K.L.:
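Can you keep this structure in mind? I'll have questions shortly.
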Amino acid sequence: MNAGIWGNMGSIPATHTPRFDIARDVTCVPINDLPRRARDHDHFTVIGAGKTGMDAAIWLLEQGVSPDAISWVRPNDYWLFNRENIINHPSRFTTTIGTFLKELQTLATVSNVDEYCARMEEIGVWHRIDPAITPTKFHAAVCSPREVAMLASITNVIRKGHVTDIENGKLILQDGTAEIPKNSLYIDCTASAGVVMPDNMPPIFDGDTININLIRPFQPLFSAALIALLEAKVPDDTVRAACTHTVNFHDTPAQYIAEMLPAMMNQGAWSRVPPVKEWMDRTRLQAITHLMAGFDPADEEKMALLSQFGPASKAAVQNIPKILAAS
């Protein structure tokens, strides 16, 4: 197996090396060290706009830190999944399945990427921290409305590009500088495990080598488990290839939409391979497994909802190239 490319390109907070210089009299820590170091500081500077930065800010606010005592470097803004509408529990079947269906229907009907983003927010699939800023990024992060409201309470947001240097009392960024209270605790949230792979990536099953990559959008654990199942239970190379079109990670909504095509190709192939379908019906790594617990096929309302997925998926596959061509 070969996970080296992804491993080399990605990083995690505990072992990440910051891409900016840090003065010797400045304290800058990964998020892992925040609970241990927070008590020694009365001001905090979060560096990073992604989910790790959001988690750091939310943790601080939940500990009672005033929003005014937090500076947040956000060179980008992100669209976020609304957690309330994608909870994987049978009691939320109609809401969650309805959300997945609305996303497919949106892909099937909009004309361009901007319209897609606006529609995803309108139907409650996505939301954003600052209603005055249109996000340009999407990493599939999930936040509840309560968490988004907490994050919006932080008003000292620094949008001057990425950090290049940290001095005691001053940040130097790509597009300017920002004054920061002296002895602020800087929290480095710039590590990124999700990386966009180069276009020339080899196939998943490549002779005697298995190249680990995503085969479902932003679900590495599911992808790795299914690749392992194919290696163990499905020896046919043609079937393996049909089930493992690489689904790249994404930085933008447009990239996310583009990756829906190989994802749907994989999904269709899985349903035609008995060992894969059997595994899919019981694995806890699949959201639908939890949602379908106790499902009664006699429930006409739920069956009517599920029956719409086939036509919506087909229409989405036909419309996605049009969306991308117009954007």
Side-chain angles (χ1 to χ4, degrees), residues 79-110 115-117 119-127 138 140 142 144-145 214-223 225-226 229-230 233-234 239 242-245 247 253 256-323:
W79 289 109
L80 308 167
F81 275 122
N82 185 338
R83 181 180 287 115
E84 294 299 316
N85 292 331
I86 55 172
I87 296 174
N88 298 328
H89 190 276
S91 66
R92 300 298 295 269
F93 180 96
T94 300
T95 297
T96 299
I97 291 294
T99 296
F100 295 154
L101 179 59
K102 288 176 183 177
E103 180 173 9
L104 277 177
Q105 292 170 333
T106 298
L107 283 169
T109 56
V110 298
E115 186 180 341
Y116 172 81
C117 295
R119 179 65 178 153
M120 290 286 277
E121 182 177 36
E122 179 184 336
I123 61 180
V125 183
W126 286 1
H127 54 175
F138 178 64
V142 181
S144 69
L214 298 178
I215 54 175
R216 175 179 273 181
F218 51 81
Q219 294 190 13
L221 296 181
F222 175 94
S223 298
L226 182 45
L229 177 81
L230 289 166
K233 300 289 187 180
V234 182
V239 175
C243 291
T244 55
H245 295 94
V247 178
Y256 171 63
I257 293 171
E259 295 308 317
M260 284 297 175
L261 288 175
M264 290 179 181
M265 292 171 65
N266 288 341
Q267 187 78 34
W270 300 337
S271 65
R272 298 190 295 268
V273 182
V276 175
K277 187 178 185 306
E278 178 186 354
W279 178 81
M280 295 271 290
D281 288 342
R282 58 183 171 80
T283 178
R284 65 182 179 84
L285 296 175
Q286 171 143 272
I288 194 71
T289 302
H290 304 278
L291 288 165
M292 296 292 285
F295 178 77
D296 181 2
D299 189 321
E300 294 182 0
E301 181 181 350
K302 291 181 179 178
M303 286 299 295
L305 197 59
L306 292 172
S307 70
Q308 298 178 62
F309 272 82
S313 296
K314 183 177 180 179
V317 168
Q318 294 173 342
N319 195 47
I320 287 172
K322 300 175 185 177
I323 296 173

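None of the values given here were measured: they were computed from a predicted structure. Reckoned from all heavy atoms, side chains included, excluding hydrogens, waters and symmetry mates.
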K.L.:
Minimum heavy-atom separation for C243 to I215, with atom names?
P.N.:
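Reported closest heavy-atom pair: O-CD1, 4.2 Å.
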
K.L.:
Roughly how far, to the nearest 0.5 Å, is OG1 of T99 from CD1 of I123?
P.N.:
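Rounded to the nearest 0.5 Å, the CD1-OG1 separation comes to 7.5 Å.
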
K.L.:
Check E84 against P145 and note the closest heavy-atom contact, atom names and distance.
P.N.:
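Distance-wise, the nearest heavy atoms are CG-CD, 3.3 Å.
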
K.L.:
Heavy atoms, side chains only, cut-off 4.5 Å: are L226 and T244 in contact?
P.N.:
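The answer is no, as the side chains (C-beta and beyond) never meet within the 4.5 Å cut-off.
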
K.L.:
Give the minimum heavy-atom separation between V142 and R83, together with the two atoms involved.
P.N.:
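Between these two residues, the closest heavy atoms are O-NH2, 3.3 Å.
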
K.L.:
Go through the steps to decide whether V276 and L229 satisfy the test side-chain contact (heavy atoms from CB on, under 4.5 Å), and finish with yes or no.
P.N.:
CA-CA 7 Å; V276 175; L229 177 81; 4.1 Å; yes

K.L.:
With rounding to the nearest 0.5 angstrom, report the CG to CH2 distance, L80 to W126.
P.N.:
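Taking CG in L80 and CH2 in W126, the distance rounds to 10.0 Å.
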
K.L.:
Can you see which heavy atom on P217 is nearest to which on A263, and at what distance?
P.N.:
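Closest heavy-atom pair between P217 and A263: CD-CB, 3.5 Å.
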
K.L.:
Taking the side chain from T96 and the backbone from I87, do they hold a donor-acceptor pair closer than 3.5 Å?
P.N.:
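Here the side-chain-to-backbone pair exists.
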
K.L.:
For residues 302-311, please give each side-chain donor-acceptor pair under 3.5 Å, one per line with the distance, not counting sequence neighbours.
P.N.:
residue, atom, partner, partner atom, Å
S307, OG, A304, O, 2.7
Q308, NE2, A304, O, 3.4

K.L.:
Would you indicate whether the side-chain heavy atoms of L107 and M264 approach each other to under 4.5 Å?
P.N.:
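Result yes, sub-4.5 Å side-chain heavy-atom pair found.
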
K.L.:
Between N266 and H245 (side chain of the first, backbone of the second, donor and acceptor by atom type, cut-off under 3.5 Å), is there such a pair?
P.N.:
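Here the side-chain-to-backbone pair exists.
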
K.L.:
So, do Q286 and R216 sit near enough that their side-chain heavy atoms are less than 4.5 Å apart?
P.N.:
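A side-chain contact under 4.5 Å exists here.
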
K.L.:
Keeping to residues at least two apart or across chains, list the ring pair (Phe, Tyr, Trp, His ring centres under 6.0 Å) pairs with something in residues 260-286.
P.N.:
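For residues 260-286, and leaving out neighbouring residues, the ring pair (Phe, Tyr, Trp, His ring centres under 6.0 Å) pairs sorted by first residue read F222-W270, F222-W279.
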
K.L.:
Can you measure from CG (L221) to OG1 (T283) and round to the nearest 0.5 angstrom?
P.N.:
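Spacing of CG (L221) from OG1 (T283) equals 10.0 Å.
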
K.L.:
For residues A225 and L285, report the shortest heavy-atom separation together with the two atoms involved.
P.N.:
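In terms of heavy atoms, the two residues are closest at CB-CD1, 3.6 Å.
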
K.L.:
Determine whether a donor-acceptor pair (N or O, by modelled atom type, separation under 3.5 Å) exists between the side chain of T106 and the backbone of Y116.
P.N.:
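Flag not set: sc T106 to bb Y116 has no pair under 3.5 Å.
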
K.L.:
When rounded to the nearest 0.5 angstrom, what distance separates CG in N319 from CG in L104?
P.N.:
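With rounding to 0.5 Å, CG (N319) is 12.0 Å from CG (L104).
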
K.L.:
Can you find a pair of side-chain heavy atoms, one from C117 and one from F138, that are under 4.5 Å apart?
P.N.:
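Not touching, per the 4.5 Å side-chain cut-off.
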
K.L.:
Residues in ring pair (Phe, Tyr, Trp, His ring centres under 6.0 Å) with F295, at least two apart?
P.N.:
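So F295 forms a ring pair (Phe, Tyr, Trp, His ring centres under 6.0 Å) with F93.
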
K.L.:
Got a second to check how far L261's CG is from I320's CD1, nearest 0.5 Å?
P.N.:
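Atom-to-atom, L261:CG and I320:CD1 are 4.5 Å apart.
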
K.L.:
With rounding to the nearest 0.5 Å, note down the distance linking CG in N85 to NZ in K102.
P.N.:
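It is 7.0 Å, given to the nearest 0.5 Å.
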
K.L.:
Quick one: does W79's side chain get under 4.5 Å of Y256's, heavy atoms only?
P.N.:
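Heavy-atom side-chain distance check fails, nothing below 4.5 Å.
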
K.L.:
Could you go through the side-chain contact (heavy atoms from CB on, under 4.5 Å) check for Q267 and M280 one step at a time?
P.N.:
CA-CA 10 Å; Q267 187 78 34; M280 295 271 290; 3.7 Å; yes

K.L.:
When you compare the side chain of M260 with that of E103, does any pair of heavy atoms fall below 4.5 Å?
P.N.:
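Heavy-atom side-chain distance check passes, below 4.5 Å.
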
K.L.:
Is the closest side-chain heavy-atom distance between R284 and H290 below 4.5 Å?
P.N.:
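A side-chain contact under 4.5 Å exists here.
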
K.L.:
Quick one: does R92's side chain have a donor or acceptor within less than 3.5 Å of a partner on N88's backbone?
P.N.:
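No, R92 side chain to N88 backbone: no donor-acceptor pair under 3.5 Å.
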
K.L.:
Taking G268's backbone N and O only, do any of them form a donor-acceptor pair with S271's side chain (distance below 3.5 Å, no angle check)?
P.N.:
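Answer holds: yes.
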
